[in-house]
S.K.: 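After the structure tokens below, expect a handful of questions from me.
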Amino acid sequence: MQEYIKNRIHELYWKDDINCARTAIICLSELFETMIEPQVIWSAVGLHGAGGYRAQCGLVEGTLMFIGIYLHTLGKTETEIVSVCYDFASAFDSIFGSLRCFELRPTGFSENDPPHMCENLTCKGIEFSYQYILKITKK
């Protein structure tokens with residue numbers, strides 16, 4: 001699973017040049033064998049720190065979107081989904097130290113940044129998200 005995530009993220013970043021939020025949705029949908037409509041992927045086009053504003057991390061945003069879709073397919077109520085999203089955000093914050101792109105990005109932001117600086121963070125974040133979703137759906 002870790003090798004799959006690492007390879008898939010590398011492909012999505014370097015071949016398709018997509019952001020962290022869309023990468024999270026795509027990877028999680030593949031890992032959980034859940035169909036995602038193209039409009040959902042397009043809705044996340046600006047969710048990499050709120051379009052680069054450096055706000056909420058796209059890994060969090062993409063995972064929250066996936067949680068809503070996936071738990072709905074499992075028959076969970078809106079109240080249950082909202083609760084899981086809250087708990088996920090709290091757990092992510094505890095493990096990674098923030099929900100904000102500006103604080104999570106390895107060296108902050110500068111105009112000379114190489115592309116896809118967050119590839120390693122993305123691997124860790126999606127592995128965490130995958131394990132978290134597995135755990136909450138096996139209860």
Side-chain angles (χ1 to χ4, degrees):
M1 183 271 308
Q2 285 178 332
E3 195 64 28
Y4 171 80
I5 290 172
K6 178 183 171 192
N7 291 335
R8 188 65 172 123
I9 289 168
H10 187 77
E11 176 184 1
L12 290 167
Y13 274 178
W14 294 97
K15 180 179 174 246
D16 299 334
D17 196 28
I18 64 171
N19 70 24
C20 49
R22 293 191 292 170
T23 297
I25 295 168
I26 291 167
C27 285
L28 292 170
S29 71
E30 291 171 357
L31 289 164
F32 287 98
E33 299 178 351
T34 301
M35 214 284 274
I36 302 293
E37 295 291 333
Q39 284 181 318
V40 173
I41 302 302
W42 278 108
S43 73
V45 75
L47 297 184
H48 54 291
Y53 188 74
R54 303 179 270 184
Q56 184 164 284
C57 172
L59 297 172
V60 175
E61 293 172 322
T63 299
L64 293 174
M65 288 177 70
F66 179 76
I67 286 171
I69 293 165
Y70 185 60
L71 294 187
H72 174 76
T73 66
L74 297 180
K76 301 297 182 184
T77 66
E78 283 188 33
T79 301
E80 291 171 312
I81 294 169
V82 169
S83 178
V84 167
C85 287
Y86 181 95
D87 292 343
F88 171 79
S90 177
F92 190 97
D93 190 29
S94 293
I95 296 296
F96 293 95
S98 181
L99 298 176
R100 294 186 62 222
C101 180
F102 183 78
E103 294 164 347
L104 292 168
R105 196 165 155 98
T107 59
F109 287 84
S110 78
E111 290 185 23
N112 299 323
D113 287 345
H116 310 299
M117 278 183 67
C118 292
E119 187 169 358
N120 192 37
L121 174 64
T122 302
C123 291
K124 291 176 185 173
I126 292 176
E127 287 172 23
F128 171 79
S129 298
Y130 173 72
Q131 294 298 333
Y132 181 86
I133 295 166
L134 264 183
K135 184 176 118 186
I136 59 116
T137 55
K138 290 197 177 190
K139 287 183 179 179

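When reading the values below, keep in mind they use all heavy atoms of this one structure, side chains included, and skip hydrogens, waters and symmetry mates. None of these values were measured; they are calculated from a predicted model.
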S.K.: Would you compute the distance between atom CD1 of Ile69 and atom CD1 of Ile25 and round it to the nearest 0.5 angstrom?
M.R.: 6.5 Å
S.K.: For the CD1 atom of Ile9 and the CG atom of Leu59, what is their distance to the nearest 0.5 Å?
M.R.: 8.0 Å
S.K.: Less than 4.5 Å apart, side chain to side chain, heavy atoms only: is that true for Ile26 and Ile18?
M.R.: yes
S.K.: Quick one: SG on Cys123 to CD on Glu3, what's the gap to the nearest 0.5 Å?
M.R.: 9.5 Å
S.K.: Could you state whether Ile136 and Leu74 fall into the same hydrophobic cluster, counting links through intermediate Ile, Leu, Val, Met, Phe, Trp or Tyr residues with side-chain heavy atoms under 4.5 angstrom apart?
M.R.: yes
S.K.: Does any N or O in the side chain of Ser43 come within less than 3.5 Å of the main-chain N or O of Val40, such that one atom is a donor and the other an acceptor?
M.R.: yes
S.K.: In terms of side-chain heavy atoms, does Tyr132 have a donor or acceptor partner in Thr63 at a distance below 3.5 Å?
M.R.: no
S.K.: What heavy-atom pair brings Cys20 and Gly58 nearest, and what distance separates the two atoms?
M.R.: SG-CA, 3.6 Å
S.K.: If you count the non-hydrogen atoms of other residues, nucleotides and ligands that lie under 6.0 Å from CD in Gln2, is the total more than 12?
M.R.: no
S.K.: Return the minimal non-hydrogen interatomic distance between Ala89 and Leu99, and the atom names on each side.
M.R.: O-CD2, 3.4 Å
S.K.: Do Phe88 and Ile95 land in one hydrophobic cluster if side-chain heavy atoms of ILVMFWY residues count as linked below 4.5 Å?
M.R.: yes
S.K.: Can you tell me how far apart CE (Met1) and CD (Gln131) are? Round to the nearest 0.5 Å.
M.R.: 4.5 Å
S.K.: Between CD of Gln56 and OG of Ser98, what distance do you get to the nearest 0.5 Å?
M.R.: 9.5 Å
S.K.: Going by the angle between their ring planes, with limits at 30° and 60°, are Tyr13 and His116 parallel, tilted or perpendicular?
M.R.: parallel
S.K.: Scan Leu64, Thr79, Leu71 and name whichever one has a side-chain contact (heavy atoms from CB on, under 4.5 Å) with Val84.
M.R.: Leu71
S.K.: What is the ring orientation for Tyr70 with Phe66, classed by angle as parallel under 30°, tilted 30 to 60°, or perpendicular over 60°?
M.R.: parallel
S.K.: Any chance you could measure Asn19, atom CG, to Arg22, atom CZ, to the nearest 0.5 Å?
M.R.: 5.0 Å
S.K.: Just wondering, are more than 12 heavy atoms of other shown residues or ligands nearer than 6.0 Å to OH in Tyr4?
M.R.: yes
S.K.: Where do Arg8 and Glu11 land on the salt bridge (Lys or Arg N to Asp or Glu O under 4.0 Å) test, with the steps shown first?
M.R.: CA-CA 5 Å; Arg8 188 65 172 123; Glu11 176 184 1; 3.2 Å; yes
